[in-house]
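Accompanying notes for the structure given below.
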Amino acid sequence: MSFGTEFYARPVLEVARDLIGCVVEHHGLAGTIVETEAYHESEPACHAFVGVTPRTRTLFGEPGVAYVYRSYGIHALLNAVCEPAGVGAAVLIRALEPLVGIEEMRERRGRVRVQDLCSGPGKLTQALGVELAENGTSLIDGPVVIRRGDGGQGGPPVVEGTRIGITKAVDLRWRFCAVGNSHVSRPRP
DNA sequence: CATGGGATTGACT
DNA sequence: GTCAATCCCATGC
């Protein structure tokens, strides 16, 4: 069962931490979230910092929606829109531990180790086949769905660190990783 | 309308 | 360690 909008309509840091251990599904493929980052309109690394534009419209919209955008002209990056509508905030899904459909992921990603299939935000969208056209779609009804993990209450132990690949607000420790998981992207915290 | 900069990755030195 | 690929879109004239 997927989460309701109330799960996403909370402070983005809480959602980012709680998403570790949850499962992303897309077209029958699935993986467990092992790494996330939080972004909020109050800090300049967030796309929403500049206010509402055609690009950031999704970020300011309903929580529980996918924000998918193109990075460096090449990769699609998957985010979960958070906080109440009107607040620009989202959780970037940075890495998954593959669960279902590993062979199909390998067909898209090439002959790499399982640890490298989804160990980065651009890698996991390629492995799952998530595209730009899915920007603005529901994470509750699909095609991309996030649901509770099978690991029981509370999820796995989480370690926090600084966000990766940004040039502004670099000191905020808004990156969350599953402790000791080999599917987390480099550098490991 | 022209320009410049990325929430990255993989190949190469 | 360095570096190019590649394109959307925010910004400024």
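Predicted model only: the values in this text are computed from it and were never measured. Residue numbers start from 1 in every chain, and the chains themselves are labelled A, B, ... in the order their sequence lines are given, proteins ahead of strands.
Counting non-hydrogen atoms under 4.0 angstrom, A:Arg94 reaches the backbone sugars and phosphates but no base.
When rounded to the nearest whole Å, the span between CG of A:Leu77 and P of C:dC8 equals 15 Å. Taking atom CG of A:Asp116 as the reference point, atom P of B:dT8 lies 17 Å away to the nearest angstrom. Regarding A:His47, its NE2 atom lies at a distance of 12 Å from the P atom of C:dT11, rounded to whole Å. Whole-Å rounding puts the A:Arg163 CZ to B:dA7 P distance at 10 Å. Across the protein-nucleic acid pair, A:Glu43 atom CD and B:dA7 atom P stand 11 Å apart, rounded to whole Å. To the nearest angstrom, P of B:dG6 lies 16 Å from CD of A:Glu37. Atom CD1 of A:Ile166 and atom P of B:dG5 are 18 Å apart (whole Å). To the nearest angstrom, C1' of C:dC9 lies 16 Å from CD1 of A:Ile74.
For C:dA10, the OP1/OP2 oxygens have a side-chain nitrogen or oxygen of A:Thr53 closer than 4.0 Å. For the pair A:Arg70 and B:dG6, the criterion of a side-chain N or O lying under 4.0 Å from OP1 or OP2 is not met. OP1 or OP2 of B:dG10 has at least one side-chain nitrogen or oxygen of A:Lys123 nearer than 4.0 Å. Phosphate proximity of B:dG10 to A:Arg109: present, with a side-chain N or O under 4.0 Å from OP1 or OP2.
For the residue pair A:Thr5/A:Glu62, the side-chain donor-acceptor check at 3.5 Å is not satisfied.
A:His47 has its ring centre no less than 6.0 Å from the ring centre of A:Tyr39.
Every residue was checked against the ring-ring contact (aromatic ring centres under 6.0 Å, His included) condition with A:Phe60, not counting sequence neighbours, and none meets it.
Closest to the side chain of A:Leu132, from the set C:dC8, B:dA7, B:dT9, is C:dC8.
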Under 3.5 Å, side-chain donor or acceptor atoms of residues 136-145 of chain A against the rest of the protein: list the pairs with distances, not counting sequence neighbours.
residue  : atom : partner  : partner atom : Å
A:Thr137 : OG1  : A:Glu134 : O            : 2.7
A:Ser138 : OG   : A:Ile140 : N            : 2.9
A:Ser138 : OG   : A:Asp141 : N            : 3.0

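Taken from CG in A:Leu59 to CD in A:Glu83, the straight-line distance is 11.5 Å, to the nearest 0.5 Å. Between A:Cys118 atom SG and A:Arg109 atom CZ the span is 7.5 Å, to the nearest 0.5 Å.
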Quiz item: After noting the C-alpha distance and the side-chain angles of A:Glu43 and A:Arg163, does the key distance pass the salt bridge (charged side-chain N to carboxylate O under 4.0 Å, His left out) rule?
Solution: CA-CA 13 Å; A:Glu43 46 89 15; A:Arg163 295 178 293 182; 3.0 Å; yes
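For DNA chain B, runs of at least 3 consecutive pairs of the Watson-Crick or G-U wobble type, with both hydrogen-bonding distances under 3.5 angstrom, map to B:1-6 with C:7-12, B:8-12 with C:1-5.
Ring stacking is absent between A:Tyr72 and C:dA5, as the pair misses the limits of under 5.5 Å between centres and under 30 degrees between planes.
Mapping A:Gly73 and A:Pro54 onto DNA chain C via the closest heavy atom, the residue that lands nearer the 5' end is A:Gly73. Nucleotides of DNA chain B nearest to A:Thr167 and A:Gln126 differ in position, and the one nearer the 5' end is that of A:Thr167.
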